[in-house]
Amino acid sequence: MVCRLSTRLLNISIAGFCKSRQLEKAEAVIIDGIRLGVLPDVVTYNTLIDAYCRFVSMDAAYTILPRMREAGISPDVITYNSLLAGATRNCLLSQSLDIFEEMLQSGIHPDVWSYNTLMHCFFKLGKPDEAYRVFRDIILSNLSPCPTTFNIMINGLCRNGYMHNALGLFRNLQRYGFVPKLETYNILIDGLCKAGRLGAARSVLKELGESGLKPNAITHTTVMKRCFKSRQFKLGLEILSEMKSEGHTFDGFAYCTAISALVKLGKINEANDCVVQMIKNGIVLDLVSYNTLINLYCKEGKLEAAFNLLDEIEKRGLECDRYTHTIIIDGLCKAGNIEGAQQHLSYMNTMGFDSNLVALNCMIDGLCKAGQIDCAMKLFESMEIKDSFTYTSLVHNLCRARRFRSASKLLLSCLKGGMKILKSTQRAVLDGLSNSGYTSDARKLKSKIWSARLLH
DNA sequence: GATTGGAACG
């Protein structure tokens, strides 16, 4: 009895250190415990596995398994659920499916948490049908679905373009007496916002208020972002000041939403004020926050400050992602440092981001603006995937360089690929051809544009 | 002892 009680205390202490990311201290507590004769149990190891998944890596989490076995403790359903959640959270989705398979083969029965996570994994993989099959299995089996099951389902439907079904499920559930929590409302509001249905989002927001729940920072951030996106800047700024005056928790998400919106509005001073407040409020910067700040510094031409933050990212043990690289490449291009941008591009490629379409588009645009259209064309030809930004940038700049026949060729392959291109850019190609004497080419292009439109 | 919701690039 004494020993079991001590193990419980040991686990509480370990959970505390794990929660605050102090894994070395958690490990030290285990060693001290063993020295005093207090042995870790399955809870101890599960807590550790969860923390390693969250804060270190999946590989680190896997190293706990042999340690457990050495101590004579078998993994249980929670062990597997933690690994499953870790892999899914880190988007290692095929690994998630393997873990689920391994769980079945070890004779451990998955519970509703396992199925919830599996469902989430299928949604992340863009396989809503498979996710729905899991959902149906949960309903039809003896496992009873929990509120999280419904939240994951509604969120997954929203993210996979099934807004209508998400809303339908929500209404059906309400009919059966399901009382939505704030999370559910936030999921729906975000889905509606991302689908561009600001009006519907507002009425769900109203429903939220009427249900007696109070919107939180997540709700406000979601709506604020949508306002900025649909160019309702005044309303967005109002929500921002409302959040401040009503004393809502202003967290990293809210600050980053506001800062990047202000940068896009060209309100650089206000954006910097926000940065000062964010730092003052003790927000610990994560990669997204660094990217947001680097973008701000690039937009105001403070490349040195941007590169200082790049160093800080490394010092903190974080890794730059495709956003960081794109922001830097675009920043260097806009500052007229094409050589630097090209250097960073090859560095990005060595880091495994060689199919970063947005960064390549920035580079193409930068090369064109610097008058190196042939370089841009070469890069274009080496690209496996192109989108309408790639084409628009090149066609536009080919026109400016009066190379209308090349522009015409690219314009056509763009439209044939089913991609849109600005009407004004199309006009520039047609006018350019006619005005420089290629009247029949212009006519042919015009009819080809028509037929391409008919086909798509 | 654990699963779900909001932020960043052209």
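Predicted model, so just to flag it, every value in this text is computed and none were measured. Protein chains get the first letters and strands the later ones, always in sequence-line order, with residue 1 at the start of each.
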Using a 4.0 Å heavy-atom cut-off across all strands, classify [X] as base, sugar-phosphate, or nothing.
X	result
A:Ser82	nothing
A:Ala217	base
A:Asp330	sugar-phosphate
A:Leu287	nothing
A:Asp111	base
A:Lys264	sugar-phosphate
A:Lys299	sugar-phosphate
A:Asp286	base
A:Ile78	base

Starting at atom [atom1] of [X], determine the distance to atom [atom2] of [N], rounded to an integer number of angstrom.
X	N	atom1	atom2	result
A:Tyr323	B:dA7	OH	P	10 Å
A:Leu345	B:dC9	CG	P	19 Å
A:Met103	B:dA2	CE	P	17 Å
A:Leu240	B:dA7	CG	P	15 Å
A:Asp387	B:dC9	CG	P	16 Å
A:Lys229	B:dC9	NZ	P	9 Å
A:Ile294	B:dA8	CD1	P	15 Å
A:Tyr52	B:dA2	OH	C1'	18 Å

Could you list the residues that satisfy ring-ring contact (aromatic ring centres under 6.0 Å, His included) with [X], not counting sequence neighbours?
X	answer
A:Phe135	none
A:Phe170	A:Tyr185
A:Tyr255	A:Phe250
A:Tyr323	none

Assess whether one donor atom and one acceptor atom, taken from the side chain of A:Asp251 and the base of B:dA7, lie less than 3.5 Å apart.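 No, no donor-acceptor pair under 3.5 Å.
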
Distance-only donor-acceptor hits, side chain of residues 115-122 of chain A, under 3.5 Å, sequence neighbours excluded:
| unit_1 | atom_1 | unit_2 | atom_2 | d |
| --- | --- | --- | --- | --- |
| A:Asn116 | OD1 | A:Thr149 | OG1 | 2.9 |
| A:Asn116 | ND2 | A:Val112 | O | 3.4 |
| A:Thr117 | OG1 | A:Trp113 | O | 2.8 |

Please tell me which of the listed nucleotides, [options], lies nearest to the side chain of [X]?
X	options	answer
A:Asn216	B:dT4, B:dG5, B:dA8	B:dG5
A:Asn295	B:dA7, B:dA2, B:dC9	B:dC9
A:Ile152	B:dT4, B:dA7, B:dA2	B:dT4
A:Arg322	B:dG5, B:dC9, B:dA2	B:dC9
A:Val358	B:dA7, B:dC9, B:dA8	B:dC9
A:Ser260	B:dA8, B:dT4, B:dA7	B:dA8

Do any of residues 187-194 of chain A sit with a heavy atom less than 4.0 Å from DNA chain B, and if so which?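 Within residues 187-194 of chain A, the residues near DNA chain B are A:Ile187, A:Asp190, A:Lys194.
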
Ring of A:Tyr255 versus six-membered ring of B:dA7: centres under 5.5 Å and planes under 30°?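 The ring of A:Tyr255 is not stacked on B:dA7.
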
Determine whether the side chains of A:Asn349 and A:Ser346 contain a donor N or O and an acceptor N or O closer than 3.5 Å.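 Not at all, the side chains of A:Asn349 and A:Ser346 share no donor-acceptor pair under 3.5 Å.
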
Contact between A:Asp330 and A:Lys299 at the side-chain level, heavy atoms closer than 4.5 Å - yes or no? yes

So, A:Lys194 and A:Asp190, do they make that salt bridge, N to O below 4.0 Å? yes

Please state whether the phosphate of B:dG5, meaning OP1 or OP2, lies under 4.0 angstrom from any side-chain nitrogen or oxygen of A:Lys181.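 No.
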
Kindly assign one of parallel, tilted or perpendicular to the pair A:Phe150 and A:Phe178, based on the angle between their ring planes and the thresholds 30° and 60°.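 A:Phe150 vs A:Phe178 ring planes: perpendicular.
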
